[in-house]
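Okay, structure first, notes after.
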Amino acid sequence: MNDDPRVDPPLIADERTMLSTWLDWHRRTLEFKCRGLSDARLRERSVPPSPMSLLGLVRHMAWVEHVWFRWVLEGDDVPSRIKSLENREADFQDVDTASIEEAFALWHAEIDHSRELSASLPLDAIGAGRRHGEEYSHRWILIHMIEEYARHNGHADLLRERIDGVTGE
């Protein structure tokens, strides 16, 4: 996979720049891992018995962006379009019927919203919402999101290698 569109985070920067550029690098990495694959390949569950697929990871990360930035940081309880209390595994389980275009569009919209919200708040801001009854700082959420993407990008590496042998950072 040539033409890597990712830009490496700076080696020296202030904390906000470092956190936001690392998070964006990981967001772009997941997209990069999906690039060039057919719809069938994006839906492919490559590590049985796990329901995980690249499309499932995109749907899952749209949900994660929604939860941490909308629900916890912003305090907006708008329902997720990916999963619900009635269907907690929809992000990974419902990929056979999910629209790929809609999944990517929703993920991008959530990322855009997250970036805009994050840019408007100090790192020490405490989220207006709670998760599991706990409050979280904006800084904690950014660090958690980097960890969440990094972990799932490792899954994406394995999925992509199994699908077509493509490896890389």
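This structure is a prediction, so every number in the text was calculated from the model and none was measured.
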Considering all heavy atoms, the nearest [X]-[Y] contact:
X	Y	value
Cys34	Phe104	CB-CZ, 3.9 Å
Thr167	Glu161	CG2-CD, 3.4 Å
Arg43	Ala98	NH1-O, 2.8 Å
Arg35	Arg160	O-NH1, 2.8 Å
Trp25	Val7	CD1-O, 3.3 Å
Ala62	Glu110	O-CG, 3.7 Å

Return the [atom1] to [atom2] distance between [X] and [Y], rounded to the nearest 0.5 Å.
X	Y	atom1	atom2	answer
Lys33	Arg28	NZ	CZ	15.5 Å
Leu142	Leu121	CG	CG	9.5 Å
Asn153	Ile146	CG	CD1	12.0 Å
Leu37	Leu42	CG	CG	5.0 Å
Leu123	Ile143	CG	CD1	8.5 Å
Arg41	Asp164	CZ	CG	6.5 Å

(request) Hey, could you give me each pair passing salt bridge (charged side-chain N to carboxylate O under 4.0 Å, His left out) that has a residue in residues 15-26? Not counting sequence neighbours. (result)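 Pairs touching residues 15-26 that pass the test: Glu15-Arg139, Asp24-Arg27, Asp24-Arg115.
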(request) Determine, for Arg151 against Glu148, whether the closest basic-nitrogen to carboxylate-oxygen distance falls under 4.0 angstrom. (result) yes
Is any side-chain heavy atom of [X] less than 4.5 Å from a side-chain heavy atom of [Y]?
X	Y	value
Val72	Glu135	no
Trp71	Arg130	no
Tyr136	Leu73	no

(request) Apply side-chain hydrogen bond (donor to acceptor under 3.5 Å, both in side chains) to Asp96 and list each qualifying residue two or more places apart in sequence or on a separate chain. (result) Arg45
(request) Identify, with sequence neighbours excluded, every residue that meets side-chain hydrogen bond (donor to acceptor under 3.5 Å, both in side chains) alongside Asp39. (result)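 Applying side-chain hydrogen bond (donor to acceptor under 3.5 Å, both in side chains) to Asp39 gives none.
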(request) With side-chain contact (heavy atoms from CB on, under 4.5 Å) as the test, would you mind laying out the steps for Trp63 and Arg81 before giving the verdict? (result) CA-CA 8 Å; Trp63 179 79; Arg81 291 176 32 204; over 6 Å; no
(request) Decide if atom CG of Asp77 counts as having more than 12 heavy atoms of other residues, nucleotides or ligands within a radius under 6.0 Å. (result)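 Counting neighbours around CG of Asp77, 12 or fewer heavy atoms of other residues, nucleotides or ligands fall under 6.0 Å, so no.
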Among residues at least two apart in sequence or on other chains, which ones pass salt bridge (Lys or Arg N to Asp or Glu O under 4.0 Å) with [X]?
X	result
Glu74	none
Glu89	none
Glu31	none
Glu102	none

(message) My understanding is that only residues two or more places apart in sequence, or in another chain, count here; which of them pass ring-ring contact (aromatic ring centres under 6.0 Å, His included) with His138?
(response) none
(request) Taking ring-ring contact (aromatic ring centres under 6.0 Å, His included) as the test, write out the residues that go with His144, two or more places apart. (result)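 ring-ring contact (aromatic ring centres under 6.0 Å, His included) check on His144 returns Trp68, Trp140.
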(message) Looking only at side-chain N and O atoms, does Ser114 offer a donor or acceptor that is under 3.5 Å from a partner on Glu65?
(response) yes
(request) Identify, with sequence neighbours excluded, every residue that meets side chain to side chain contact (heavy atoms under 4.5 Å, CB included) alongside Val78. (result) His66, Arg70, Asp76
(request) With sequence neighbours excluded, tell me which residues meet side chain to side chain contact (heavy atoms under 4.5 Å, CB included) with Ala13. (result) Pro10, Thr17, Met18
(message) If you apply the rule side-chain contact (heavy atoms from CB on, under 4.5 Å), what do you find for Leu23 with Tyr149, and how did you get there?
(response) CA-CA 8 Å; Leu23 180 53; Tyr149 271 100; 3.7 Å; yes
(request) Could you name each residue pair satisfying ring pair (Phe, Tyr, Trp, His ring centres under 6.0 Å) that touches residues 76-100, not counting sequence neighbours? (result)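 Those involving residues 76-100 are His60-Phe92.
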(message) With side-chain contact (heavy atoms from CB on, under 4.5 Å) as the criterion, how do Trp107 and Leu30 come out once you've worked through the C-alpha distance, each side chain's angles and the decisive distance to 0.1 Å?
(response) CA-CA 11 Å; Trp107 180 45; Leu30 180 55; 3.8 Å; yes
(request) Let me see the working for Val58 and Asp91 under side-chain contact (heavy atoms from CB on, under 4.5 Å), right down to the final yes or no. (result) CA-CA 8 Å; Val58 167; Asp91 45 357; over 6 Å; no
